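Every value quoted in this text rests on a predicted model; they were computed, and no experiment measured them. Any value given below was found using the heavy atoms of this structure, including those in side chains, with hydrogens, waters and symmetry copies removed.
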Amino acid sequence: MQFKVITDIREFKLLEREWNLLFDRNTYSVFQSFVFNYYSWKEILMHSSSNSLFIIKIIQDNIAIGFFPLYNDKTNTLRFINDVHSDFCDVILDKEIDLNNLFQFILKDCEQKKLQLINLKENSILTQFTISHNQCNLTSSVSEKYTEFEVDKGIFPNNFDKLLSKERSEIRRIVKKNVNCKHEVLAKSHCDFPINEILTLKEKVIKNGSRNNDFLPINQLKLIEKLYNHQYIEISLIKDSEVRAILFVMKNKNDSLFWIDLYDNLGYTSTLYNYISYITANSLNNKIFINLGRGAYKWKIAKFRPNIRDLYTVNIFSSTFLKVNYIIKSYIIAIITLLYRKFK
């Protein structure tokens, strides 16, 4: 087993073929795709001089069997590439390996101090490693939730058995209320990236206070456009005389992940109708799997009764001192945050 660290974007680009082969062999989210990671680095992260690339290529018998897509941030902490915008993070692996050897390579051979790995599903090999290895220099905790559900083939909401009669009636009421709106699903195969519509709606949601001024910066839109052009994203859109709601949906086979949404001053109603319309259109002829992404939002739980799952954060340190220091700082920050919320 060999490990090679990739630190240059030109070398990163050369990994594309091997990366895609591994990605296609297993079931990963789009966040583990080469396109997402490469263009996250190129369009977003590499423009900060405090960030440095640190991808680990895992090699066995001269063949790539995995990639660990990391970068070093301004605090000298190794993190997944673009983890703050990734609902799910993970290593890409085609074969089982001894993770002890991998972490020894990172912490000892490469003299790194800390890894902070967020948004890991419970079934991730990294999560399972921390659960089964009670080592003194790592921490593991549930840090977030995500929600998901399956919808059978048929006419929505009749094809979704988990919903109560009153909840189906509420969905029909919302559909009736929006009868004058048109729903479209845009994909690269038949439509160019609708940048003008996105920018127009973005300006509206910032102006009405639904989003902050830094919502969807240009570099993030460039990443989204790359994903759209590579057919990893399709766009669910609601409009009447103008565009009312946009939803970026990450596609991987029959799985759909609702990633980022924009909506006008109708807010909740327009974005919920967008969700309903997308599910209706896609479940008519196929059983589908819907992932609502990070966050167990009350309105999503109330309307769709999804399964609620845990996401984990794993911290791995090169020494017990660094671990203790991290725990103390985290405790102090938690106390300050609690006091601030109490007295503000």
Would you say the side-chain atoms of Gln32 and Ser29 include a donor-acceptor pair closer than 3.5 Å?
-> yes
Rounded distance (nearest 0.5 Å) linking atom OG of Ser270 with atom CG of Leu247 = 11.0 Å
Aromatic Phe88 / basic Lys121 pairing, under 6.0 angstrom, 45° off normal | yes
When you measure from the side chain of Asp192 to the backbone N and O of Lys188, does any donor-acceptor pair fall under 3.5 Å?
-> no
Pairs where residues 147-185 contributes a residue and the test ring-ring contact (aromatic ring centres under 6.0 Å, His included) is met, not counting sequence neighbours = Phe149-Phe160, Phe149-Phe304
Interatomic distance, Asn252 atom CG to Asp24 atom CG [nearest 0.5 angstrom] | 8.5 Å
Donor-acceptor contact present, side-chain Asn119 to main-chain Asp83, <3.5 Å | yes
Under the ring-ring contact (aromatic ring centres under 6.0 Å, His included) rule, what pairs show up with a residue in residues 103-127, not counting sequence neighbours?
-> Phe3-Phe105, Phe103-Phe129
Taking a hydrophobic cluster as the set of Ile, Leu, Val, Met, Phe, Trp and Tyr residues connected by side-chain heavy atoms closer than 4.5 Å, whether directly or through intermediates, do Val84 and Tyr39 fall within one such cluster?
-> no
Interatomic distance, OH@Tyr312 vs CG@Leu126, rounded to 0.5 Å, equals 13.5 Å
Quick one: does Asn178's side chain have a donor or acceptor within less than 3.5 Å of a partner on Tyr273's backbone?
-> no
List the steps, then state whether side-chain contact (heavy atoms from CB on, under 4.5 Å) holds for Ile118 with Leu311.
-> CA-CA 8 Å; Ile118 68 171; Leu311 285 174; over 6 Å; no
Residues that Ser48 engages under side chain to side chain donor-acceptor pair (under 3.5 Å), provided they are two or more places apart = Ser50
Apply the test side-chain contact (heavy atoms from CB on, under 4.5 Å) to residues Ile224 and Ile260: give CA-CA distance (whole Å), side-chain angles for both, the deciding distance (0.1 Å), then the verdict.
-> CA-CA 10 Å; Ile224 293 170; Ile260 302 170; 4.1 Å; yes
Should Gln112 and Phe54 count as side-chain neighbours, where that means a heavy-atom distance under 4.5 Å?
-> yes
Any side-chain heavy atom of Ile58 sitting closer than 4.5 Å to one from Met1?
-> yes
With a 4.5 Å heavy-atom cut-off, do Ile171 and Leu163 have their side chains touching?
-> yes
Between the main-chain N or O of Ser140 and the side-chain N or O of Asn315, is there a donor-acceptor pair closer than 3.5 Å?
-> no
Show your working on salt bridge (charged side-chain N to carboxylate O under 4.0 Å, His left out) between Asp161 and Arg305 and close with a plain yes or no.
-> CA-CA 10 Å; Asp161 292 338; Arg305 290 181 171 266; over 6 Å; no
Closest non-hydrogen contact found for Asn274 with Leu237 is OD1-N, 3.8 Å
Any idea which heavy atoms bring Ile44 and Gln220 closest together, and the distance?
-> CD1-CA, 4.2 Å
If you look only at distance, which donor and acceptor atoms sit under 3.5 Å apart when one is on a side chain in residues 60-71 and the other is two or more places apart or in another chain?
residue : atom : partner : partner atom : Å
Gln60   : OE1  : Lys95   : NZ           : 3.4
Tyr71   : OH   : Arg79   : NH1          : 3.3

Determine whether Leu22 and Ile97 fall in the same hydrophobic cluster, where Ile, Leu, Val, Met, Phe, Trp and Tyr are linked whenever their side-chain heavy atoms lie under 4.5 Å apart.
-> no
Of Asn72, Thr7, Asn76, Asp73, which is the lone residue that meets side chain to side chain contact (heavy atoms under 4.5 Å, CB included) with Ser52?
-> Asn72
Does Phe289 offer a backbone N or O that forms a donor-acceptor pair with the side chain of Asp255 under 3.5 Å?
-> no
For residues Tyr38 and Ile81, determine if any side-chain heavy atom of one lies less than 4.5 Å from a side-chain heavy atom of the other.
-> no
Polar contact flag, side-chain donor to acceptor under 3.5 angstrom, Glu234-Tyr278 = yes
Tyr275: ring pair (Phe, Tyr, Trp, His ring centres under 6.0 Å) partners, not counting sequence neighbours | Phe258, Trp299
Transitively linked via ILVMFWY side-chain contacts under 4.5 Å: Ile56 with Phe34?
-> no
Ser169 side chain to Ser165 backbone, donor-acceptor under 3.5 Å | yes
Minimal non-hydrogen separation, Pro217 against Asp214, with atom names | CD-O, 3.3 Å
Lys239 with Glu184: basic N within carboxylate O range, under 4.0 Å = yes
Any side-chain heavy-atom pair of Ile336 and Ile332 under 4.5 Å = yes
Check the pair Val151, Ile279 against side-chain contact (heavy atoms from CB on, under 4.5 Å), reporting the backbone distance first and the verdict last.
-> CA-CA 8 Å; Val151 181; Ile279 295 168; 4.1 Å; yes
How long is the span from the CG atom in Leu99 to the CD1 atom in Ile125, to the nearest 0.5 Å?
-> 4.5 Å
Lys/Arg N to Asp/Glu carboxylate O, Arg172 vs Glu170, below 4.0 Å | no
In this structure, are over 12 heavy atoms from other groups packed under 6.0 Å from Lys13 atom NZ?
-> yes
Are Val249 and Ile276 linked, directly or through other ILVMFWY residues, by side chains that come within less than 4.5 angstrom of each other?
-> yes
Does the Glu150 side chain pair with the main chain of Ile290, one donor and one acceptor, at a distance under 3.5 Å?
-> no
Could you identify which residues cluster with Tyr326, counting Ile, Leu, Val, Met, Phe, Trp and Tyr as linked when any side-chain heavy atoms lie under 4.5 Å apart, either directly or through a chain of such contacts?
-> Phe317, Phe321, Leu322, Ile327
Stepwise side-chain contact (heavy atoms from CB on, under 4.5 Å) test for Ile198 and Phe193 | CA-CA 9 Å; Ile198 293 169; Phe193 189 65; 3.5 Å; yes
State, to 0.1 Å, how close Ser33 and Trp19 come at their nearest heavy-atom pair, and which atoms those are.
-> C-NE1, 3.6 Å
Does any N or O in the side chain of Tyr228 come within less than 3.5 Å of the main-chain N or O of Ala187, such that one atom is a donor and the other an acceptor?
-> yes
Indicate whether the side chain of Ser283 and that of Asn159 have a donor and an acceptor atom separated by less than 3.5 Å.
-> yes
Tell me whether Ile55 is reachable from Val91 by hopping between hydrophobic residues (I, L, V, M, F, W, Y) whose side-chain heavy atoms are closer than 4.5 Å.
-> no
Can you tell if the side chain of Leu115 reaches within under 4.5 Å of the side chain of Ile106, non-hydrogen atoms only?
-> yes
Hey, does the side chain of Arg168 reach the backbone of Pro157 with a donor-acceptor pair shorter than 3.5 angstrom?
-> yes
Lys145 side, atom NZ; Ile301 side, atom CD1 - distance, nearest 0.5 Å = 10.0 Å
Atom NZ of Lys300 with >12 non-hydrogen neighbours under 6.0 angstrom | yes
Roughly how far apart are Ile131 CD1 and Ser124 OG, rounded to 0.5 Å?
-> 9.5 Å
Would you say Asp98's side chain and Asn100's backbone share a donor-acceptor pair under 3.5 angstrom?
-> yes
Determine the minimum heavy-atom distance between Phe36 and Ser86, stating which atoms define it.
-> CE2-OG, 3.2 Å
Using 4.0 Å as the upper bound for N to carboxylate O, is an ion pair formed by Lys182 and Asp240?
-> no
Could you tell me whether Lys202 sits above the aromatic face of Phe215, with NZ or CZ closer than 6.0 angstrom to the six-membered ring centre and within 45 degrees of the axis?
-> no
Which pair of non-hydrogen atoms, one from Thr147 and one from Gly295, has the smallest distance, and what is that distance?
-> OG1-O, 4.1 Å
